[in-house]
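First comes the structure, then the notes that go with it.
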2 protein chains.
Amino acid sequence: MPVTLKDIAARLNLSITTVSRALGGYPDVAAETRQRVLQAAREMGYHPNVIAQSLQRRRSNTLGFVIPATERYLSDPFFLELLSGIGDGAAQRGFDLLVSTCAPLSSEERTVYERMIRGKRVDGMVVARTRKEDERISYLVQEGFPMAAFGRTALALDFPFIDVDGEEGVGQAMAHLLGSGHRRIGFISPPVYLMFTEHRLAGYRRALERSGLGFDASLVVEGNLSQASGYEMMGRLLDLGDPPSAVVCGNDLMALGAIHAIQERGLAVGRDIAVVGFDDIPLAEHCHPPLTTVRQPIYEIGKMASEMVIQIIEGRELQERQVILQPQLVIRESTVTTERG
Amino acid sequence: MPVTLKDIAARLNLSITTVSRALGGYPDVAAETRQRVLQAAREMGYHPNVIAQSLQRRRSNTLGFVIPATERYLSDPFFLELLSGIGDGAAQRGFDLLVSTCAPLSSEERTVYERMIRGKRVDGMVVARTRKEDERISYLVQEGFPMAAFGRTALALDFPFIDVDGEEGVGQAMAHLLGSGHRRIGFISPPVYLMFTEHRLAGYRRALERSGLGFDASLVVEGNLSQASGYEMMGRLLDLGDPPSAVVCGNDLMALGAIHAIQERGLAVGRDIAVVGFDDIPLAEHCHPPLTTVRQPIYEIGKMASEMVIQIIEGRELQERQVILQPQLVIRESTVTTERG
DNA sequence: TTTGACATCCAAAAGGTTTTGGAATATAAT
DNA sequence: ATTATATTCCAAAACCTTTTGGATGTCAAA
């Protein structure tokens with residue numbers, strides 16, 4: 001049913017080669033012939049079969065991205081923003097995006113990646129939420145497969161990535177809190193297996209040590225990046241005999257959960273307890289009170305990542321293989337004393 | 001470099017046909033031969049070239065989904081949940097998912113769909129957030145292309161869909177508010193071009209008329225489903241000479257924005273003004289106060305939708321072509337009077 | 001007239017798989 | 001011994017495209 005090059009060739013009494021080359025803009029076809037081909041293609045409703053092109057060109061013009069879905073009801077707006085960045089970056093260069101979800105650290109993860117890569121479904125991968133020991137990345141590097149990551153690893157591997165300086169980001173947050181007079185500051189940590197946890201925790205620790213306060217392990221609790229875990233972990237901190245007066249959260253979602261826990265106990269966020277998040281998802285601005293948070297340009301990072309992978313695929317040299325962006329603290333009411341809670 | 005059927009055939013002195021059929025589990029290959037093929041394939045690290053398979057089978061085993069991204073920084077967790085449902089449903093049947101983003105009603109929209117479909121990149125599409133006059137759906141129906149939608153349309157077209165009874169959902173919310181004594185109830189509407197707006201608005205209107213209160217157009221404002229617009233529109237309602245004592249929002253995100261606007265004016269959500277959302281995204285439970293909302297099982301709907309499309313692709317008859325699910329009101333503190341605001 | 005350059009076209013191979021329609025051999029039934 | 005029936009294998013076509021390496025014809029220069 002669908003129109004192929006063969007159909008056009010038959011109608012115009014030309015060879016498939018000529019039709020292909022006319023459409024492809026090659027110079028070895030007469031201007032008049034090209035016009036006839038173009039018109040016939042339009043009239044007949046020709047659309048190239050992308051699959052056949054991929055097979056022949058040995059290029060699928062497709063990027064792969066596996067969303068590390070921790071929960072079934074995956075809800076972190078972070079990924080949606082990242083996804084749309086990756087998708088837009090890819091689309092701009094004529095690439096499509098193949099998406100899967102897979103629980104991080106699960107046994108199927110390897111299979112999902114292999115299916116995409118070995119099956120030649122994709123030409124490159126974007127990896128997000130990197131781990132200290134990231135088997136996804138060691139696999140890709142070992143295969144020599146084009147990729148770019150959002151985040152670093154603890155592995156001694158040289159691969160292209162974009163990351164945000166989490167130590168600096170949390171450092172800014174801590175400086176802000178310490179400057180406001182806080183002396184007991186808690187930290188709701190992301191899972192330790194994630195690389196950025198190390199950086200953010202380092203920012204927390206260093207700020208405490210520099211200010212002479214010292215690190216107190218009892219003020220650090222580990223969540224899983226969901227609101228629910230932020231809620232739960234904040235509860236634990238509040239149950240402490242001497243609870244903190246401020247808390248830095250590993251991401252915005254946990255901060256929202258923490259705010260909920262604080263408010264549920266009749267305390268006022270900002271006045272009684274200060275809360276800082278990380279990410280600056282759109283919701284951070286519109287919760288109550290608006291959340292002070294460390295902003296990372298997620299959409300732009302996604303876009304950059306897909307652009308980097310495509311550059312690699314196309315064999316062009318990367319001007320910057322490893323980018324570390326400086327985050328920016330956005331101060332809102334969750335860390336300032338106001339009348340209302 | 002990658003291992004092909006040809007390589008295995010050469011090593012075992014067999015034909016490509018036999019290797020293919022051995023791997024494919026056909027009965028016309030000797031048990032011993034099959035074993036040899038299987039082992040060689042394993043040893044040599046054979047992975048079928050999915051692209052070549054797609055070309056030959058005329059099936060890409062891929063579903064397409066275009067996220068209607070209204071803003072650049074797309075943040076509605078709704079879509080992430082839907083996406084993971086679609087992806088999981090597809091994966092369970094061996095289908096991949098190709099994702100694009102595109103502004104709804106934009107001129108590129110048609111191109112994005114055409115590229116996927118005419119290029120044979122996908123075997124079926126899932127369409128979300130249906131419009132009253134939905135060109136995406138009329139295009140797909142006209143092409144006879146396998147699809148399933150989340151939502152209905154105003155078009156006289158027979159296509160497979162899953163929808164939630166929005167009229168009933170808002171009806172429940174209204175009954176709850178009216179039962180709590182509210183007499184002036186506002187409605188922050190989704191964009192009118194969307195089909196579900198009609199249903200939800202009908203639920204609002206009917207509840208008012210039934211209760212003898214009558215419909216007051218000045219209490220209805222139109223947002224764009226973002227928190228920012230919920231914030232802005234709530235502001236307008238509050239600026240009214242006689243502001244409502246309760247407000248029903250077209251989705252949770254706008255409800256969160258509305259809560260923000262209310263609290264910013266020093267009013268207490270729940271006590272002073274009741275707020276109801278629609279969706280029950282995970283954040284609804286963890287905002288302050290927790291949001292009363294109409295729950296729709298987004299993940300399950302996504303999963304069902306991809307299952308439906310795949311059934312159609314595989315030529316199996318659908319037992320239920322058009323499904324309308326009953327939503328459920330989840331009552332939380334945003335509509336009940338409490339001490340704290 | 002021959003040579004070379006140029007313009008225009010095309011047959012065939014290649015990419016990796018599945019499927020069709022036998023072929024070849026062995027075994028069982030007549 | 002012949003026919004029928006399984007069993008096991010394979011050559012070739014097909015899916016649709018791109019690319020290679022000419023072929024053919026024209027025209028101008030030598």
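Not measured: the values here are computed from a predicted model. In what follows, chains are A, B, ... by sequence order, proteins preceding strands, each numbered from 1.
Between the NZ atom of Lys6(A) and the C1' atom of dA13(D) there is a distance of 10 Å, given to the nearest Å. Gln35(A) places its CD atom 13 Å from the P atom of dT8(C), with the value rounded to the nearest Å. One interatomic measurement links the two molecules: CG of Asn13(A) to P of dA11(C), which rounds to 11 Å at whole-angstrom precision. To the nearest angstrom, C1' of dC9(C) lies 14 Å from CG of Leu12(A). The separation between Asp7(B) atom CG and dA14(C) atom C1' is 15 Å, rounded to whole Å. Atom CG of Asn61(A) and atom C1' of dT17(D) are 14 Å apart (whole Å). A straight line from CD1 of Ile16(B) to C1' of dT19(C) spans 13 Å, rounded to a whole angstrom. Taking atom CG on Leu23(B) and atom P on dT19(C), their separation rounds to 13 Å, with Å as the unit.
The side chain of Ser20(A) contributes no N or O atom lying less than 4.0 Å from OP1 or OP2 of dT17(D). Between Thr18(A) and dC10(C) there is a side-chain polar atom (N or O) within less than 4.0 angstrom of OP1 or OP2. Between Arg57(B) and dT18(C) there is a side-chain polar atom (N or O) within less than 4.0 angstrom of OP1 or OP2. Gln53(B) has a side-chain polar atom (N or O) that falls below the 4.0 Å cut-off from OP1 or OP2 of dT18(C). Remark: Thr33(A) is in phosphate contact with dC9(C), judged by side-chain N or O atoms under 4.0 Å from OP1 or OP2. Between Tyr26(B) and the phosphate of dC9(D), there is no side-chain N or O to OP1/OP2 separation shorter than 4.0 Å.
Taking the six-membered ring for Trp and thresholds of 30 and 60 degrees, Phe79(B) and Phe65(B) have ring planes inclined between 30 and 60 degrees apart.
At least one test fails for Arg152(A) against the ring of Phe159(A): distance under 6.0 Å to the centre or angle within 45° of the axis.
Distance check: Leu63(B) CG to Phe95(B) CZ gives 6.5 Å after rounding to the nearest 0.5 Å.
Position along DNA chain C of the nearest nucleotide to Tyr46(B) versus Asp28(B) favours Tyr46(B) as the more 5'-ward residue. The residue among Arg21(A) and Arg21(B) whose nearest nucleotide of DNA chain C lies closer to the 5′ end is Arg21(A). Taking the nucleotide of DNA chain D with the nearest heavy atom to each of Leu5(A) and Arg34(B), the more 5' of the two is matched to Arg34(B). Both Leu55(B) and Thr17(B) lie near DNA chain D, and the one whose nearest nucleotide falls closer to the 5' end is Thr17(B).
Between dT18(D), dC15(D), dT17(C), one nucleotide has an atom nearer to the side chain of Arg58(B) than all others, and that is dC15(D). With dT8(D), dT18(C), dC16(D) as the choices, the nucleotide that has an atom nearest any side-chain atom of Thr4(A) turns out to be dC16(D). Side-chain proximity of Gln56(A) to dC10(D), dT17(D), dA14(D): nearest is dT17(D). For Asn49(B), the listed nucleotide lying nearest its side chain is dT17(C); candidates were dT17(C), dT17(D), dC9(D). Listed nucleotides dC9(D), dT17(C), dC16(D) differ in distance to Val29(B); the shortest reach to its side chain belongs to dC9(D).
Remark: Arg131(B) pairs with Glu109(B), Glu135(B) by the side chain to side chain donor-acceptor pair (under 3.5 Å) rule, at least two apart or across chains.
Residue-level contact check: Leu14(A) touches the backbone only, with heavy atoms under 4.0 Å from sugar-phosphate atoms and none from bases. If you check every strand for non-hydrogen atoms under 4.0 Å, Pro48(A) touches sugar and phosphate atoms only.
Rounded to 10 degrees, the angle separating the terminal helix axes of the helix from dT1(C)-dA30(D) to dT30(C)-dA1(D), each built from five base pairs, is 70°.
Within the 4.5 Å cutoff, the side chain of Ser84(A) has no heavy atoms near those of the Ile67(B) side chain. Using a 4.5 Å heavy-atom cutoff, the side chains of Ser54(B) and Arg59(B) are not in contact.
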If you look only at distance, which donor and acceptor atoms sit under 3.5 Å apart when one is on a side chain in residues 16-24 of chain B and the other is two or more places apart or in another chain?
unit_1, atom_1, unit_2, atom_2, d
Thr18(B), OG1, Ser15(B), OG, 3.1
Arg21(B), NH1, Asp28(B), OD1, 3.1
Arg21(B), NH1, Asp28(B), OD2, 2.7

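Taking the charged nitrogens against the carboxylate oxygens, Arg121(B) and Glu114(B) have no contact shorter than 4.0 Å, which rules out a salt bridge.
With no hydrogens or angles considered, a side-chain donor-acceptor pair links Asp158(B) and Gln322(B) at under 3.5 Å.
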